[in-house]
Amino acid sequence: MNIIMLGPPGAGKGTQAEVLSKKMDLTTLSTGNILRAAIAEKRPVGLNAKTYMDKGELVPDDVIIGIVKDYLETHDLGKGCILDGVPRTIAQAEMLDKMGVRIDAVLSLEISDAAIEERMGGRRTCMKCGATYHVKANPPKVEGICDKCGEKLTIREDDKPETVRQRLAVYHAQTEPIIGYYTEQGKLTAVDGTASVEETSEKLVKALEMLK
Ligand code: AP5
């Protein structure tokens with residue numbers, strides 16, 4: 001089963017992708033995490049992407065297409081994959097179709113811009129393994145330290161309030177049209193993303209069970 005997690009920045013795509021991948025034994029393809037790892041390793045693809053990411057803009061489609069191709073060539077999708085943060089444009093959605101990636105379900109997390117802006121102030125991220133926490137809603141066991149790998153948690157460069165607002169504007173202009181694309185294909189399920197992490201996971205699992 002291949003599932004797309006869709007939603008504005010900070011809607012909880014990464015958090016829910018992690019929960020669902022464990023529950024359903026699926027792999028996760030997160031273009032954001034791959035780009036941040038490439039930046040940390042100072043690879044050209046990452047340093048080029050950083051110029052867009054720091055401004056809250058999308059990385060060009062051809063770069064993302066390269067990342068997805070590389071991932072598919074080097075990973076066995078096993079029981080399936082959760083696509084977190086991709087596709088983000090109609091061109092990327094069409095590219096997945098052309099590459100023969102079958103999409104079974106698209107889960108769209110719905111949340112207002114105001115709620116996102118409030119949420120992002122509390123996000124803490126592990127730059128080593130990509131895990132995401134929230135100081136109140138989803139805290140690590142030890143403050144400031146990643147539960148999974150022990151790395152110090154940091155605040156993402158693009159979580160500054162003005163960059164978050166820009167990312168929301170880009171989401172509405174360039175990513176939201178994907179909702180129509182997958183609604184027409186009968187694959188989209190909208191889920192309220194404002195409940196707790198646990199409640200949202202339950203709703204997503206129920207939505208997927210109804211599709212079986
Ligand atoms: P990416 O890393 O994908 O960022 P994003 O889509 O902006 O999403 P986020 O990671 O910010 O949020 P999320 O929805 O995963 O929420 P999270 O679970 O962390 O991309 C970053 C950049 O890379 C882009 O801006 C772009 O430049 C580039 N890029 C990546 N992919 C691209 C592509 N395909 N095409 C072009 N460019 C691309 O949760 C957020 C916070 O809320 C956390 O603190 C979390 O703990 C907390 N939280 C989660 N759920 C809840 C809940 N239910 N209640 C309360 N708090 C919650």
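First listed ligand is number 1; within each ligand, the first listed atom is number 1.
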Inset, instruction - Can you run down the side-chain hydrogen bond (donor to acceptor under 3.5 Å, both in side chains) pairs that involve residues 65-75, sequence neighbours left out, and say none if there aren't any? - result: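 Passing the test, one end in residues 65-75: no pairs.
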Legend entry - Shell of residues surrounding ligand 1, defined by a 4.0 angstrom heavy-atom cut-off that is strict: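 If the criterion is a heavy atom under 4.0 Å, then ligand 1 touches Pro8, Pro9, Gly10, Ala11, Gly12, Lys13, Gly14, Thr15, Thr31, Gly32, Leu35, Arg36, Met53, Glu57, Leu58, Val59, Ile64, Gly85, Val86, Arg88, Gln92, Arg119, Met120, Arg123, Thr132, Tyr133, His134, Ala137, Asn138, Arg156, Asp158, Arg167, Ala195, Ser196, Val197, Thr200.
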Is the closest side-chain donor-acceptor distance between [X] and [Y] under 3.5 Å?
| X | Y | value |
| --- | --- | --- |
| Asp158 | Tyr52 | no |
| Gln166 | Thr163 | no |
| Glu18 | Thr28 | no |

Inset, instruction - Look at the side-chain heavy atoms of Ile, Leu, Val, Met, Phe, Trp and Tyr, link any pair under 4.5 Å apart, and say whether Ile3 and Val86 land in one connected group. - result: no
Legend entry - Nearest heavy atoms of Ala11 and Ile116, plus distance in Å: N-CD1, 3.7 Å
